[in-house]
Amino acid sequence: HLSFIEAIEKLCHDAGIPIPAATEEQKRRDKESHDLYEVLQMAADYYKEKLFSDEGKVGLEYLRKRQLSDEMIANFHLCYAPAGRDNLIQYLKGKGVPLKLILDAGLARVSDRTHTPYDYFRERVLFPITDSRGRIIAFGGRIMVKDDNLPKYLNSPESLVFSKGRNLYGLAQARIAAIESKQVIATEGYMDCISLHQFGFKMAVAPLGTAITEMQIELLWKLAPEPTLCFDSDGAGRKAGIRAALRVLPILKPGYSLRFCLLEGAKDPDEFLHAYGHEKFQEVLDSKCISLSDILWMYFTSDRDVKT
């Protein structure tokens with residue numbers, strides 16, 4: 001259930017031996033990746049401390065309002081980026097982290113106007129994104145202030161250790177449950193994923209704010225042969241389901257497919273679970289999901305008369 005490289009890394013880690021590096025370039029990249037993992041973890045520790053401080057009160061209140069338990073907040077390492085232009089930069093510099101590494105990790109940017117660095121995340125609840133081994137590789141942030149000029153959700157920029165289309169949110173938390181149950185649920189948002197875990201569906205993951213990619217489908221197939229895609233019930237959610245169905249066709253292979261869960265009575269899994277609970281959602285999974293062929297038939301016949 002791991003890629004070739006991940007399997008090598010795990011075996012070497014378990015055996016206590018260094019990972020073989022074929023070239024000097026690979027050694028350099030391994031060193032850079034290691035440094036990025038370290039600084040991202042330091043940032044997560046800083047942000048976590050802020051969530052439970054006076055500065056993070058608005059973030060913690062938001063999570064409580066969304067009815068997240070302390071267990072889920074801890075399990076998904078949820079945290080908060082406070083206001084202030086360069087709080088994280090100054091904190092990390094005080095720990096001896098060079099500015100270049102902070103920038104390479106996607107934690108800061110340089111202003112085009114003033115040419116000075118500033119924190120990439122400010123006044124946002126943060127959802128740390130990890131790889132399959134649980135190492136933090138990026139953050140997703142939801143803004144806590146009303147400002148139409150700022151995006152509601154913001155992901156870390158891509159880096160040496162992070163690529164949006166090649167990772168899934170919640171993969172480390174869901175991997176064992178998915179493998180044991182031979183089921184995995186992919187949903188649209190971070191909160192949907194966490195709510196599914198809170199209600200007992202611990203095999204849930206989510207794409208990272210983009211349409212699901214071929215690489216993400218391949219990741220899902222490593223967990224289960226027929227993943228269930230559970231998107232929002234609105235028009236955008238249904239279009240996302242169709243896009244996924246069309247995208248999977250060129251990479252479809254024997255024994256592997258997709259299922260589609262079209263919720264009714266709520267706009268997303270988070271709302272559905274809080275309104276109807278675990279058993280109702282399980283009923284939907286058991287009896288209301290449709291197959292890949294069915295969703296394709298619906299799509300291709302939606303504007304045609306097939307009665308004759």
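One is the number of the first residue; the rest follow in order along the sequence. Every value quoted in this text rests on a predicted model; they were computed, and no experiment measured them.
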Exercise for the section: Could I get the full list of side chain to side chain donor-acceptor pair (under 3.5 Å) partners for Glu55, not counting sequence neighbours? Expected result: Lys50
Please set out all donor-acceptor pairs under 3.5 angstrom arising from side-chain atoms of residues 100-113, sequence neighbours excluded.
{"from": "Lys100", "atom 1": "NZ", "to": "Asp104", "atom 2": "OD2", "distance (Å)": "2.7"}
{"from": "Ser111", "atom 1": "OG", "to": "Arg113", "atom 2": "N", "distance (Å)": "3.1"}
{"from": "Ser111", "atom 1": "OG", "to": "Thr114", "atom 2": "N", "distance (Å)": "3.1"}
{"from": "Ser111", "atom 1": "OG", "to": "Thr114", "atom 2": "OG1", "distance (Å)": "3.2"}

Which pairs would a plain distance check flag for residues 39-48, meaning a side-chain donor or acceptor within less than 3.5 Å of a matching protein atom at least two apart in sequence or in another chain?
{"from": "Gln41", "atom 1": "NE2", "to": "Asp45", "atom 2": "OD1", "distance (Å)": "3.0"}

Exercise for the section: Could you tell me whether a side-chain N or O of Thr187 sits under 3.5 Å from a main-chain N or O of Cys230, the two making a donor and an acceptor? Expected result: yes
Practice task
Looking only at non-hydrogen atoms, find the nearest pair between Asn87 and Pro82 and report the distance.
Solution key: ND2-CG, 4.1 Å
Fill in the blank from the handout: With sequence neighbours left out, the residues meeting side chain to side chain donor-acceptor pair (under 3.5 Å) with Arg64 are Asp70
Exercise for the section: Under 4.5 Å between side-chain heavy atoms, chaining through other members, with only Ile, Leu, Val, Met, Phe, Trp and Tyr counted: pull out the rest of the cluster around Val145, sorted by chain and number. Expected result: Ile143, Leu150
Practice task
Tell me who clusters with Met215, hydrophobic residues only, linked when side chains sit under 4.5 Å apart either directly or through other members.
Solution key: none
Practice task
Please identify each residue that fulfils side chain to side chain donor-acceptor pair (under 3.5 Å) with Ser195, with sequence neighbours left out.
Solution key: Asp270
Exercise for the section: Output yes when Arg247 and Glu214 qualify as a salt bridge under the 4.0 Å nitrogen-oxygen rule, no when they do not. Expected result: yes
Exercise for the section: Using side chain to side chain donor-acceptor pair (under 3.5 Å) as the criterion, list what pairs up with Lys57, not counting sequence neighbours. Expected result: none
Can you give the donor-acceptor pairs under 3.5 Å from side chains of residues 255-263 to other protein atoms, not counting sequence neighbours?
{"from": "Arg259", "atom 1": "NH1", "to": "Thr228", "atom 2": "OG1", "distance (Å)": "2.8"}
{"from": "Arg259", "atom 1": "NH2", "to": "Leu285", "atom 2": "O", "distance (Å)": "2.7"}

Problem - Salt-bridge contact Lys222-Glu218 (side-chain N to carboxylate O under 4.0 Å) - result: no
Handout entry: side-chain contact (heavy atoms from CB on, under 4.5 Å) partner of Asn167, chosen from Val161, Leu208, Val205, Thr213
Key = Leu208
Problem - Ion pair Lys95/Glu38, N-O distance below 4.0 Å - result: no
Problem - ILVMFWY clustering at 4.5 Å (side-chain atoms), partners of Trp297 - result: Val306
Practice task
Please list, chain by chain and in numerical order, all residues satisfying salt bridge (Lys or Arg N to Asp or Glu O under 4.0 Å) with Lys280, sequence neighbours excluded.
Solution key: Glu283
What pairs of donor and acceptor atoms, side-chain ones from residues 128-135 against any protein atom, are under 3.5 angstrom apart with sequence neighbours left out?
{"from": "Asp131", "atom 1": "OD1", "to": "Arg133", "atom 2": "N", "distance (Å)": "3.0"}
{"from": "Asp131", "atom 1": "OD1", "to": "Gly134", "atom 2": "N", "distance (Å)": "3.0"}
{"from": "Asp131", "atom 1": "OD1", "to": "Arg135", "atom 2": "N", "distance (Å)": "2.9"}
{"from": "Asp131", "atom 1": "OD2", "to": "Arg135", "atom 2": "NE", "distance (Å)": "2.8"}
{"from": "Asp131", "atom 1": "OD2", "to": "Arg135", "atom 2": "NH2", "distance (Å)": "3.0"}
{"from": "Ser132", "atom 1": "OG", "to": "Glu6", "atom 2": "OE2", "distance (Å)": "3.0"}
{"from": "Arg133", "atom 1": "NH1", "to": "Glu9", "atom 2": "OE1", "distance (Å)": "3.1"}
{"from": "Arg135", "atom 1": "NH2", "to": "Tyr37", "atom 2": "OH", "distance (Å)": "3.3"}

Handout entry: Short side-chain to backbone donor-acceptor contact, Ser291 and Asp294, under 3.5 Å
Key = yes
